[in-house]
Amino acid sequence: MSTSSMAVDAHPPAPKLVLDEFIGTAISSTPQELHPFFESFRTLHTRKLWHQLTLKLFAFVEHPLSKPFRVDVFERFVTDFESKMNQLRLVELGVKVSKEIDNPQTHLTFLTSLLTRINKETSPEAYILLYANIAHAKLLYGDLEGTKADMDEAWKILDSVESVENGVNAAYYGVAADYYKAKAEYAPYYRNSLLYLACVDPATDMTVEERLGRAHDLGISALLGDTIYNFGELLMHPILDALDGTPFEWIKRLLFTFNEGSIGKFEALAPLLPQEPILQENYPFLRQKICLMALIESVFKRSADNRTMNFTTIAEETRLPIDEVEHLVMKALSLKLIRGSMDQVDQKAQITWVQPRVLSRQQIGGLAKRLEGWVNKLNLVEQRIAPEMLASA
C-alpha cells in the first residue's frame, strides 16, 4: 500500500457539523468583509439550496481575504453536505482549496481522501479531474512514477467517456504535457500541450507569463521533436504571438524558417542558438531537420510530372555534399515525409507524394502560380480538342 493510501486511511472523519456553532466561530475569527458569506452559508444550508450554496462557496474561495480559511471551511463545512453537491463542482472546489496547503504530504492526503469519496461509476468527470490533479501534485513533488500511474488511470476513464467538460480535458492534457516536459520527451509534450491549449482560452485562462512559457516550450519541442515535421497547428495558433516583442521572438522566426525549409534563413538565425543551450547542443539534429524540410519544400515546389530529382539537384537544394544525399532521402522515406523510390545507380529519386503542411504566404503564392499554369494547360487542351469534338458531332 502506498504512503498516500496509508495517510488517507488514517485521516480522521470530520466531526458532525453544528451549523450555528460553525458560523459563530467563523464570524468571530474572520475579517468583516467575509461575514456576509457565512450568513449566506447559514441561510442556504438551512434551506437546503445546495446549488446556490455551491455558487456562494466558489465566490468565497475567489475572495482574496478567504485564503487562510479555505481549507477549514472545506473540511468542517463542505464535507457535511458534499454528497448533495454536483460532484464535478465539488472536486473543482476541492482542487482550488488544496492549493492553500503547503505541506506536500498533507496536500496529497487532502486530494486522495476526497478521491475515496467520489464514485467513479456515477461521476467519471469528477474522478478524472481529481486523478489528474493528484498526478500533478505528485509531479510537483518529484514522484514521476506515481504521476505516470495516475495519468494512466485518468486516461482509462477519459478514453471510455463519450464527452467531458473542457476543464476536465484541460486538467488531463495539462499534467500530461508537464510530465513529458519533465522527461524531456519533446513529441509527446508537443502533442499534449496543443491538446491542452484546445481546451482553454489562453487570453483569459492563462497569465502573460504562462502564455510566454507555453509558447517557448512548444517552440523548443517542435524543433527538437524527432517525429515533428509539420508545425502547422502551432504556426496557426495565437499562442505564438506571446513571443512577439520578447527575447524569444527569434524562436518564432526559426519555426517559420523550418516550415519553409529555408536553409539560408536557418544559417542566418544559427548565431542565436547559443541563447538556448538545448538547441545549440542539438545543432547536428537541427541541421539534418532543416535539410529534410528543404527537401520537402523542393519537392513541393515542383509539378507532379517533374518530381524525379537527381542527387546533384537535391545536394544543391539542401546544401549537402552529394555523398550524403542518399542517406537524407532514405531518412525522409523512413519518416514518411515523402513517398517514392530511389535509384542509387543513376543517382535519382522519384517522389510520388509529399507530406501536406501549412503554407506561408510565399508558398501559397507559388501554389497559386502552379494552379494558374495547370488551368492554362487545360485551356490549351480544350482548344485543341474542341474542333474535333464539333466535327464528330
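FYI, the numbering just counts along the sequence from 1. These figures come from a predicted structure and were not determined experimentally.
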I'd like to know if Arg211 and Asp241 make a salt bridge, using a cut-off of under 4.0 Å between side-chain N and carboxylate O. no
Taking side chain to side chain contact (heavy atoms under 4.5 Å, CB included) as the criterion, tell me which of Leu279, Asn282, Leu255 meets it with Ile220. Leu279
How many angstroms lie between NZ in Lys181 and OH in Tyr186, if you round to the nearest 0.5 Å? 11.0 Å
Report yes if the side chains of Leu90 and Val78 come closer than 4.5 Å at any heavy-atom pair, otherwise no. yes
Lys138 vs Tyr179, test: side chain to side chain contact (heavy atoms under 4.5 Å, CB included). Steps then yes/no. CA-CA 10 Å; Lys138 288 181 180 178; Tyr179 169 79; over 6 Å; no
What do the steps show when you test Glu82 against Arg89 for salt bridge (Lys or Arg N to Asp or Glu O under 4.0 Å), and what is the final call? CA-CA 10 Å; Glu82 61 183 19; Arg89 301 288 93 82; over 6 Å; no
Would you confirm whether the ring centroid of Phe41 sits within less than 6.0 angstrom of the ring centroid of Phe22? no
Ring-ring centroid check Tyr190 Tyr180, cutoff 6.0 Å: no
Side chains of Phe37 and Val73 in contact at under 4.5 Å (non-hydrogen atoms): no
Side-chain donor-acceptor pair under 3.5 Å between Ser113 and Arg117, yes or no? yes
Gln350 atom CD: more than 12 heavy-atom contacts under 6.0 Å: no
Any pair counted as salt bridge (Lys or Arg N to Asp or Glu O under 4.0 Å), so long as it reaches residues 29-50, sequence neighbours left out: Asp20-Arg42, Glu39-Arg42
NZ/NE/NH1/NH2 to OD/OE distance under 4.0 Å, Arg319 and Glu324: no
Applying a strict under-4.5 Å side-chain criterion to I, L, V, M, F, W and Y, I'd like to know whether Tyr283 and Leu269 cluster together. yes
Cationic N near anionic O, under 4.0 Å, Glu153 to Lys156: yes
Is it true that Val97 and Leu65 fall in one hydrophobic cluster, defined by side-chain heavy atoms closer than 4.5 Å? yes
Below 4.0 angstrom, N of the basic side chain to O of the carboxylate: do Asp152 and Lys148 qualify? yes
Classify the ring geometry of His45 against Phe81: parallel below 30°, tilted from 30° to 60°, perpendicular beyond 60°. perpendicular
